[in-house]
Novice: 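Quick one: the structure is below, and I'll ask about it shortly.
In the text below, chain A, chain B and the rest are named by the order of the sequence lines, each starting its count at 1.
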Protein chains: 2
Amino acid sequence: MLEDASLTNALPVTLTDKVRRGDLSSETCPSRQVLKNVTSQWGLLTLIALRDGKHRFGELRRKIGGVSEKMLTQSLRALEADGFIDRKVHHSIPPHVEYTLTPLGHEVTERVAALADWIELNYEKVLTVRQALASPNIR
Amino acid sequence: MLEDASLTNALPVTLTDKVRRGDLSSETCPSRQVLKNVTSQWGLLTLIALRDGKHRFGELRRKIGGVSEKMLTQSLRALEADGFIDRKVHHSIPPHVEYTLTPLGHEVTERVAALADWIELNYEKVLTVRQALASPNIR
DNA sequence: GGAAGTACGTACAAAAAGGTAAGTACCAAA
DNA sequence: TTTGGTACTTACCTTTTTGTACGTACTTCC
């Protein structure tokens, strides 16, 4: 973690470096939860939807077909807590809340979406491997 | 999914495009599981560990401190099924099994590790946002 | 009156994921 | 004999996540 960087005054230590050096303890890395938030099903779709700009709760829900209000609320709250989403409340009845990506949110979305798209585009290769593994003459 | 591409003869349709067009149904996207496999706690650490080359089960387990044999087995099996890991069995007693990244595995690992490292390096920003949100004068 | 809209929160249940411990089968060493 | 090594598998339990249904509070429209 970043506390290692402050001790050694070296470049920031990444997860990748720690695995390589065998420094990784079993304690849960706090940034893991951030990774989970941005790669979770509804979290990912929420980020991608918000790339097109400001959305309200209902707009997001319709755009992300199939998400329950509960799960959408949960995802929005987590992403907001991580600093990726800005939530603006207009004090009105009925409620009026707008969600936008923060600059940090735009950055992480680009990266997560790129990964998801790569997997999507290479999924055919994955399917091929799976079919080969399912053949009875393997293992 | 890729079946859309075959219907329209257009460029491959990515998840990102589908969200934008509001084409996303609630049915589970099969490539979702691949994303979950490579971003899961033990899956990610496994991929990163294997970047340094061939490993045996016990080596991986020691390098990835804290993973149970069960979870490591499970992650290796999933990643192998996705085509990211090659598993070579030497028929011997005691068992001798070697794991390596496939070319596809190297590609996905680069991408996932880059994302994880980005989150790690920007985690301090996330922390700052969280502290601000925890202040009693917010919301 | 009910229905629709807004954006949630809550209670409980169901499903999924993960953890612990023991087992497998053979060999070698203490 | 026990212990340690190898790489899993299995049974059972616990924890986490997700889903369903209902509730909140106000306005407008039929």
Novice: Taking only N/O atoms, report every protein-nucleotides 26-30 of chain D pair under 3.5 Å with atom names and distance.
Specialist:
none

Novice: With A:Asn37 as reference, evaluate A:Asp82, A:Thr46, A:Leu47 under the side chain to side chain contact (heavy atoms under 4.5 Å, CB included) test and give the passing residue.
Specialist: A:Asp82
Novice: Quick one: list whatever passes salt bridge (Lys or Arg N to Asp or Glu O under 4.0 Å) with B:Glu59, sequence neighbours left out.
Specialist: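 Here no residue qualifies.
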Novice: side-chain hydrogen bond (donor to acceptor under 3.5 Å, both in side chains) with A:His106: which residues, sequence neighbours excluded?
Specialist: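 By the side-chain hydrogen bond (donor to acceptor under 3.5 Å, both in side chains) rule, A:His106 matches no residue at all.
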Novice: Which whole-number value in Å describes the distance from A:His90 NE2 to C:dG5 C1'?
Specialist: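 Going from A:His90 (NE2) to C:dG5 (C1'), I get 17 Å.
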Novice: Indicate for each nucleotide in nucleotides 9-22 of chain C, in 5' to 3' sequence, whether protein heavy atoms under 4.0 Å reach the base (B), only the sugar-phosphate (S), or nothing (-).
Specialist: S-B-----SBBB--
Novice: For the CG atom of B:Leu79 and the OG1 atom of B:Thr109, what is their distance to the nearest 0.5 Å?
Specialist: 8.0 Å
Novice: For A:Arg111, enumerate each residue passing the side-chain hydrogen bond (donor to acceptor under 3.5 Å, both in side chains) test, keeping only those at least two apart in sequence or located in another chain.
Specialist: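 For A:Arg111 there are no side-chain hydrogen bond (donor to acceptor under 3.5 Å, both in side chains) partners, ignoring immediate neighbours.
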Novice: Check the distance between C:dC26's P and B:His91's NE2 and give it to me in whole angstrom.
Specialist: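 Atom NE2 in B:His91 sits about 16 Å away from atom P in C:dC26.
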Novice: Please determine whether a side-chain nitrogen or oxygen atom of A:Arg56 lies at a distance below 4.0 Å from atom OP1 or OP2 of C:dA7.
Specialist: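 So the side chain of A:Arg56 is within the cut-off, an N or O lying under 4.0 Å from OP1 or OP2 of C:dA7.
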Novice: Taking salt bridge (charged side-chain N to carboxylate O under 4.0 Å, His left out) as the cut-off, I'd like each qualifying pair that reaches into residues 38-48 of chain B, sequence neighbours left out, listed once.
Specialist: none
Novice: To the nearest angstrom, how far is A:Arg32 atom CZ from D:dT16 atom P?
Specialist: 14 Å
Novice: Not counting sequence neighbours, which residues clear salt bridge (Lys or Arg N to Asp or Glu O under 4.0 Å) with A:Lys36? List them please.
Specialist: none
Novice: In whole angstrom, what separates B:Lys88's NZ from D:dA7's P?
Specialist: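 Nearest whole value for this atom pair: 15 Å.
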Novice: Which residue pairs satisfy the salt bridge (charged side-chain N to carboxylate O under 4.0 Å, His left out) criterion with at least one member in residues 90-106 of chain A, sequence neighbours excluded?
Specialist: A:Lys54-A:Glu98
Novice: In whole Å, I'd like the distance from the NE2 atom of A:His96 to the P atom of C:dA7.
Specialist: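 Going from A:His96 (NE2) to C:dA7 (P), I get 7 Å.
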Novice: How long is the line joining NE2 of B:His55 and P of D:dT6, in whole Å?
Specialist: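 Distance check: B:His55 NE2 to D:dT6 P gives 14 Å.
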Novice: Can you check the A:Asn37 CG to D:dT17 C1' distance for me, whole Å?
Specialist: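 Checked: the CG to C1' distance equals 13 Å.
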Novice: In chain order, what residues pass the side-chain hydrogen bond (donor to acceptor under 3.5 Å, both in side chains) check against B:Asp117, with sequence neighbours excluded?
Specialist: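 Residues passing side-chain hydrogen bond (donor to acceptor under 3.5 Å, both in side chains) with B:Asp117: A:Thr16.
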